[in-house]
S.K.: 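Submitted below is the structure of interest, expressed as structure tokens.
Whatever order the structure lists them in is the order used to number ligands and atoms, beginning at 1. In what follows, every heavy atom counts, from backbone to side chain, and hydrogens, waters and symmetry copies are set aside.
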Amino acid sequence: MKVVTTLAEMRELRGQLAGSVGFVPTMGYLHEGHLELVRHARAENQTLIVSIFVNPAQFGPGEDFASYPRDPERDLALLEKEGVDFVFMPSAEEVYPQGFTSWVEIEKVSERLEGATRPGHFRGVATVVAKLFNIVQPTRAYFGQKDAQQLIVIKKMVSDLDMNLEVVAVPTVREPDGLALSSRNSYLSPEERQAALVLWKALGLAQELWDKGEKSAERLRQEMTSMIESEPLAKIDYVSIADPETLEELEEVDRAALVSLAVRIGKTRLIDNITLGE
Ligand code: PAF
């Protein structure tokens, strides 16, 4: 496994590769969720490139960019075990040199949910992912279903801007009790970790009610909201039942629907989702 830190070297190495290239972009502090992406990419491509870059452009003022967990040595050891060929770890100066002024904006789908609560977040994500795609030129790029809106934004960018690659969605990896894996879970105290289960329980409730025939999206949102509000450490950012492509809120769940939520547990903001009626 080779670690590459400059754009110039990454481009040169890419130029020498024949066959399919799988790419997994990450911000590091890897967990089983990331490793699942890596395993899918390893199985489906001749060469596997993983990037580790904590992208300052996708964090808003007052968000956790400075304190975002980082452990590059551990990350590299994990990636080596998974048979990764190249790890691209550029510096912020390499990615955003002085005078950088170009941004990628995906309208509409970026403006709802996470985008409404975190203005500018998806502009930062789309810009860095577009840059990484340009540098790495992957055949296939792998993203987790846990960040459902990110996946939708990236698929839209790839389609709208005619990018020549396949975006592959990989199912969310969960702890045995249902909590979705996230680097931010490391912020939770033991008491908060227990409280965080309310996200999975609320999604389970939506699934159960829908299975029993409840098709009113408002009723489902209300039931989920009451369940989350019964957890004293939880504070809701949003509970959404939306069209899985446009992210427009639904009135009736009479077709596939993305049920997603963002909840603060103490100071930690967690997101999760399921799809009904796939
Ligand atoms: O999902 C992430 O970790 C990040 O948003 C990504 C896609 C690596 C872009 O910085």
S.K.: Return the residue, atom name and 0.1 Å-rounded distance of the protein heavy atom closest to atom 7 (C) of ligand 1.
M.R.: Gln150 NE2, 3.5 Å

S.K.: Show the atoms of ligand 1 that are less than 4.0 angstrom away from any heavy atom in Val128.
M.R.: 9 (C), 10 (O)

S.K.: Which residue owns the protein heavy atom closest to atom 3 (O) of ligand 1, what's the atom, and how far is it?
M.R.: Met27 CG, 3.6 Å

S.K.: So, applying side-chain contact (heavy atoms from CB on, under 4.5 Å) with His31, which one of Leu78, Val173, Asn185, Leu181 is it?
M.R.: Leu181

S.K.: Here's a test for you: under side chain to side chain donor-acceptor pair (under 3.5 Å), which of Arg42, Glu44, Glu166 qualifies with Tyr142?
M.R.: Glu44

S.K.: Is it the case that Arg70 places NZ or CZ above or below the six-membered ring of Phe65, under 6.0 angstrom from the centre and within 45 degrees of the axis?
M.R.: yes

S.K.: What distance do Asp272 atom CG and Lys201 atom NZ have between them, rounded to the nearest 0.5 Å?
M.R.: 13.5 Å

S.K.: Polar contacts were defined as any N/O atom of the residue lying under 3.5 Å from an N/O atom of the ligand; does this apply to Gln58 and ligand 1?
M.R.: yes

